[in-house]
2 protein chains.
Amino acid sequence: MASEADSPKRPPRTSVWLDGKPVTRPRRADRTDRAEPAAGDTKGTPTATRSGTDQPPPLDRDRITAVSVRLLDAEGSAKFSMRRLAGELGVTAMSLYWYVDTKDDLLELALDAVFGEVRVPDLTDESADWRDQLRALAVSYRTVLVRHPWVTPLIGKYLNIGPGSRAFSSAVLAVMDRTGLAPYGRMGAVSAVFQFVYGFGTIEGHFVQRCAEAGLTQDEYHRHAMGTIHEQPDFKRAFSNTEELMGARGGETVEEKRERDFTFALDLMIAGIEAMRERGRHETPPPAPAVG
Amino acid sequence: MASEADSPKRPPRTSVWLDGKPVTRPRRADRTDRAEPAAGDTKGTPTATRSGTDQPPPLDRDRITAVSVRLLDAEGSAKFSMRRLAGELGVTAMSLYWYVDTKDDLLELALDAVFGEVRVPDLTDESADWRDQLRALAVSYRTVLVRHPWVTPLIGKYLNIGPGSRAFSSAVLAVMDRTGLAPYGRMGAVSAVFQFVYGFGTIEGHFVQRCAEAGLTQDEYHRHAMGTIHEQPDFKRAFSNTEELMGARGGETVEEKRERDFTFALDLMIAGIEAMRERGRHETPPPAPAVG
DNA sequence: ACCTGAACACCGTTCAAGT
DNA sequence: ACCTGAACACCGTTCAAGT
């Protein structure tokens, strides 16, 4: 109740997209517009630009964002710092604050750029099966989450209202429109499918990253963890069922088992959507609440 | 391929439960065993223990873990540090390292304690409906995730093989056993339901926390964010559909809408499980891969 | 308009030392 | 067995100052 006594007027900070610095495109005349490489195979030296000198290209928000994503992919969020990023950009840490208010703003920009990587299906194609489109969207979302394991904690942290996020959300809603599900249940269905993919991609991404850091394949890492577990006497009994939770059996690799589980879960949810759609045809939806 | 050249023998660190310091119960004779309060209403002064002096009780892993959970709940993971925790325990930061190897170990312990809060259904009750048990488990898991918003990033980060995690996993598998689903699809179904709850609880928990920090109700916060969005001219069009993604309409509160979506999604997945079970009865499952 | 150096108030962790 | 102080190599961010 004494909530607005201490900070009288200023509304709480919500997002770069709302309270952030206005986007100012760089004004250097010699800049080739939108010449930034999309993929990240320029991981070596940033030298030898069109001018031939070894000075890095000038800063702007797009370049800062792109390099942030590259660093986060390569070294993980634990090692990502303003100083580290600035070093990579050939500049001091403080100059970043010209383009961005806080580190959170930077992460929000990087997050939105990653959302933009999700491939959305052709939504104008009326003849396409919504099941295929939903599957494609889920698979692409999962791929992106696994490629950038640092994003999942951020998705929970921020509002996700940048252009990349919105393009993704729009696509999700558009596909869900075509399921025949009553409007009443659409958001619940969206939640079911994409929160699942989010959770699945989170666990998978961290596991893949952990294996890479240890220099082991996923099966090797799994065997190592299981081996260590079985050395602990108390755990022998306790893990009799957890084993199938974590690992492969019967000659299946960890990756194969994961693919199988993901596909089955997606099929399950599509079957669930169809079942709820039929159910909605026979029952009358609950009345809309009165407008206050 | 040159992966094991640099760190020749030492296996990678996996978990407190595997590589951590052995648990040594405190040896003080005057200690009342297991007298730690379960819930967290002792948030005031830690003084005035049974001895009447104002010196805090002696350290042990359980107490360190309990205080960690309380601090993380109260102040969030961003403000949680070894120094802050030590201060709360009336000790210097370095003494914590007697009980724990790293901060990660500490977080893993706190995470497992939280998993232990999930209420598992009575698994010996043969007459209970698996749908009710699955719903109860999902609801309790969601409640715990929202109560401790700092846990979801950790679930992705660690292996989750402590006693609390294992009790939860066992319950999930036991309930799934009773669905009639073929063993082939059980882990996929587990994934569908609980990765969904994980994702849902993550977003919900962060939103609730964000509102609390801003000193606003969820509806107030939502109106504030939407108001700010609509002030941005470019966003007017773009948000015509995202509005229903984020918010309430027709007099429904944000909380009511969220309950509705969660319930619908759970119903959807239960319907999906039933559909896949029927499908499995008519089709023959794919052959198990040959053992390598 | 854009970038810097110095400074502040923090981090996790190591190490030698105390009792 | 348990705890400490000092130190190392870091953080994000502010501020006054440079060009």
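Naming: A, B, ... by sequence-line order, numbering from 1 per chain. What you see is a predicted model, and the numbers here were worked out from it, not measured in a lab.
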| Once the angle between the rings of B:Y221 and B:F207 is folded into 0 to 90°, is it parallel (under 30°), tilted (30 to 60°) or perpendicular (over 60°)? | perpendicular

| message | Classify the ring geometry of B:F115 against B:Y141: parallel below 30°, tilted from 30° to 60°, perpendicular beyond 60°. | response | parallel

| request: Consider the side chain of B:Y99, meaning its heavy atoms from C-beta on, and name the nucleotide among C:dC2, D:dC2, D:dT4 that approaches it most closely. | output: D:dC2

| query | Quick check: does any side chain N or O of A:H222 sit under 3.5 Å from a backbone N or O of A:Q218, one acting as donor and the other as acceptor? | reply | no

| field | For A:Y158, side chain to side chain contact (heavy atoms under 4.5 Å, CB included) partners two or more places apart | value | A:D104, A:L107, A:E108, A:L111, A:L154, A:N160, B:R210

| query | Does A:S95 make a side-chain N or O approach to OP1 or OP2 of C:dT4 shorter than 4.0 Å? | reply | yes

| message | For D:dC2 and B:W98 - does any side-chain N or O of the residue sit under 4.0 Å from the phosphate oxygens OP1/OP2? | response | yes

| message | I need the residues from residues 106-114 of chain A with at least one non-hydrogen atom less than 4.0 Å from DNA chain D; give them sorted by number, or say none. | response | none

| message | Protein within reach of the bases, or only the backbone? For nucleotides 12-19 of chain D, mark each nucleotide 5' to 3' as B, S or -, using heavy atoms under 4.0 Å. | response | BBB-----

| query | Okay, side chain of A:D112, backbone of A:I161: is any donor-acceptor separation there less than 3.5 Å? | reply | no

| task | Determine yes or no for a side-chain-to-main-chain donor-acceptor pair under 3.5 angstrom, with A:Y198 supplying the side chain and A:T152 the backbone. | result | yes

| task | Please identify each residue that fulfils ring-ring contact (aromatic ring centres under 6.0 Å, His included) with A:F200, with sequence neighbours left out. | result | A:F196, A:F262

| query | Which residues pass the side-chain hydrogen bond (donor to acceptor under 3.5 Å, both in side chains) test with A:Q209, sequence neighbours left out? | reply | none

| field | For DNA chain D, stems built from three or more consecutive Watson-Crick or G-U wobble pairs below 3.5 Å | value | C:4-8 with D:12-16, C:12-16 with D:4-8

